[in-house]
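Working notes, beginning with the structure itself.
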2 protein chains.
Amino acid sequence: MAAFGDHVREVREAKRQEDRRYSLRQVAARVGIEPTYLSKLERGELAPPSEETTRKIAEDLGEDPDMLLALAGKVSSDLQAIIRKRPKLFAELLRELRRAPDHAILSVVRQVRDGDW
Amino acid sequence: MAAFGDHVREVREAKRQEDRRYSLRQVAARVGIEPTYLSKLERGELAPPSEETTRKIAEDLGEDPDMLLALAGKVSSDLQAIIRKRPKLFAELLRELRRAPDHAILSVVRQVRDGDW
DNA sequence: CCAATCGTGTAGTAGTTACTACACATGGCG
DNA sequence: CGCCATGTGTAGTAACTACTACACGATTGG
């Protein structure tokens, strides 16, 4: 249930095997939060942190920010801004793609990247 | 600057020309909020309301919810849920489509709807 | 003309978010 | 064996979100 905390702890502990700079306290220090706070986040005692803090944690742990934000129950604010600029269009697109298989979405990405419109 | 409020007022006043059930007070009553609150929302004195309230306003005024939510600076929670299920995939897609012209996105929508993957 | 309806000014608030600060027991290592 | 670093329990809080409640003067339709 505490997917965010579990994941952070797992990744941090893993990195710690080979680099003892990944103790809870040292990660907290680099991220700029109190060790107690990170402790409670990892154990799911508190709700996931803000987008900014989540990003810093992701960066320190070398994780994908969008993925960690998702585990925190959030969506990157820059993605939200993209949607807000053309809400109807993107709402339709996303709802249409909700059940599409991964490879279909990927092929759309590639197609758009190649700019064939 | 108060895009949300201005738009709501504009649409409501327009509907009011032909149906006097679209007074500020009556709309507020149907939506389930205090008239004072709606008044301040329309004049931009207060920040836009919650997603739920925004939806009810949109429904009462016959407006598109996603569009009104966008004016409120929000993105529908169901769209966020779609993204959160496959964050990396959708993040990549959206960032790729940020600068794409409307018709390109529309053609992607149609293509996906026709299910040719 | 007056009674109901209208929009708005002022004041206040319950609940949530996103944390900090202090204190303490445990564990490893030099 | 002493000491420094580690993780965690308890307590508290500033700022924000999303509103309500009361009061008032202006407007309008019958």
Side-chain angles (χ1 to χ4, degrees), chain A residues 2-58 60-61 65 68-69 71-77 80, chain B residues 2-58 60-61 65 68-69 71-77 80:
Chain A
F4 174 81
D6 289 343
H7 181 74
V8 168
R9 171 144 298 188
E10 205 166 324
V11 172
R12 186 180 60 74
E13 291 291 350
K15 297 206 79 168
R16 204 194 177 184
Q17 299 307 310
E18 299 164 3
D19 190 340
R20 62 187 194 292
R21 288 169 33 246
Y22 287 90
S23 74
L24 186 148
R25 273 172 185 269
Q26 291 194 45
V27 169
R30 284 193 298 273
V31 166
I33 58 179
E34 294 298 315
T36 37
Y37 187 41
L38 182 54
S39 172
K40 274 172 274 204
L41 289 177
E42 289 192 355
R43 287 174 297 119
E45 195 186 308
L46 290 183
S50 67
E51 173 168 350
E52 200 187 332
T53 297
T54 301
R55 282 199 135 73
K56 287 183 189 160
I57 292 172
D60 196 79
L61 298 182
L68 202 59
L69 281 168
L71 289 177
K74 299 176 200 286
V75 169
S76 176
S77 56
Q80 299 201 31
Chain B
F4 174 82
D6 288 344
H7 181 75
V8 169
R9 171 144 295 187
E10 205 167 324
V11 172
R12 186 181 59 75
E13 291 291 350
K15 298 205 79 167
R16 204 192 177 188
Q17 299 306 313
E18 299 165 4
D19 188 340
R20 63 185 193 288
R21 287 167 35 246
Y22 286 90
S23 74
L24 185 149
R25 274 171 184 270
Q26 291 193 44
V27 169
R30 285 193 298 272
V31 166
I33 59 179
E34 294 297 315
T36 37
Y37 187 41
L38 181 55
S39 171
K40 274 170 273 206
L41 290 178
E42 290 192 354
R43 287 174 296 119
E45 195 186 308
L46 290 184
S50 68
E51 173 167 351
E52 200 187 334
T53 296
T54 302
R55 278 185 187 294
K56 287 183 189 159
I57 292 172
D60 195 78
L61 298 183
L68 203 59
L69 280 168
L71 289 177
K74 299 175 200 289
V75 169
S76 177
S77 54
Q80 299 201 31

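Labels below follow one simple rule: chain letters A, B, ... track the order of the sequence lines, proteins then strands, and each chain is numbered from 1.
Taking 4.0 angstrom as the limit, B:Gln26 places none of its side-chain polar atoms (N or O) nearer than this to OP1 or OP2 of C:dT5. OP1 or OP2 of D:dC19 sits under 4.0 Å from a side-chain N or O of B:Thr53. Remark: A:Arg21 is not in phosphate contact with D:dT6, judged by side-chain N or O atoms under 4.0 Å from OP1 or OP2.
In this entry the distance linking CD of B:Glu45 with P of D:dC19 reads 16 Å, nearest Å. Regarding B:Leu46, its CG atom lies at a distance of 12 Å from the C1' atom of C:dG9, rounded to whole Å. Atom-to-atom, CG of B:Leu41 to C1' of D:dT20 comes out at 13 Å; the value is rounded to the nearest Å. In this structure, B:Lys74 atom NZ and D:dC16 atom P are separated by 15 Å, rounded to whole Å. A:Arg30 has its CZ atom 14 Å from the C1' atom of D:dT6, to the nearest Å. The distance between atom CD of B:Glu52 and atom P of D:dT17, rounded to the nearest whole Å, is 18 Å. The distance from atom CG of A:Leu24 to atom C1' of C:dT26 is 15 Å, rounded to the nearest whole Å. Rounding to whole angstrom units, CD of residue A:Glu51 and C1' of C:dC19 are separated by 17 Å.
If you take OG on B:Ser39 and CZ on B:Arg25, they are separated by 9.5 Å, rounding to the nearest 0.5 Å. Note that CG of A:Leu68 and OG1 of A:Thr54 are 6.0 Å apart. Values are rounded to the nearest 0.5 Å. Atom NZ of A:Lys74 sits about 12.0 Å away from atom OG of A:Ser76, to the nearest 0.5 Å.
Which of C:dA11, D:dC19, D:dT6 sits closest to the side chain of A:Ser23 comes down to D:dT6. Of the candidates D:dT8, C:dG9, D:dA18, the closest approach to any side-chain atom of B:Arg43 belongs to C:dG9. Nearest to the side-chain atoms of B:Arg25 among the listed nucleotides D:dT6, C:dG9, C:dT8 stands C:dT8. You'll find that the side chain of B:Arg16 is closest to C:dC6, out of D:dG9, C:dC6, C:dT20. Counting only heavy atoms from C-beta on, B:Pro49 has its side chain closest to D:dC19 among C:dC19, D:dT8, D:dC19. Side-chain proximity of B:Tyr37 to C:dA21, C:dG7, D:dC19: nearest is D:dC19. Nearest nucleotide to the A:Lys40 side chain, out of C:dG7, C:dC19, D:dA11: D:dA11.
Across all strands shown, A:Leu38 has no heavy atoms under 4.0 Å from either base or sugar-phosphate atoms. A:Arg12 comes within 4.0 angstrom of sugar-phosphate atoms only, judged by non-hydrogen atoms across all strands, and of no base.
Taking each heavy atom of B:Leu71 and B:Phe4 in turn, the nearest pair found is O-CB, 3.5 Å.
A residue-by-residue look at B:Arg20 and B:Thr36 shows that B:Arg20 has its nearest nucleotide of DNA chain C further toward the 5' end.
Under the 4.5 Å side-chain criterion, counting only non-hydrogen atoms from C-beta, B:Val31 is in contact with B:Thr53. At least one side-chain heavy atom of A:Gln80 sits under 4.5 Å from a side-chain heavy atom of B:Gln80.
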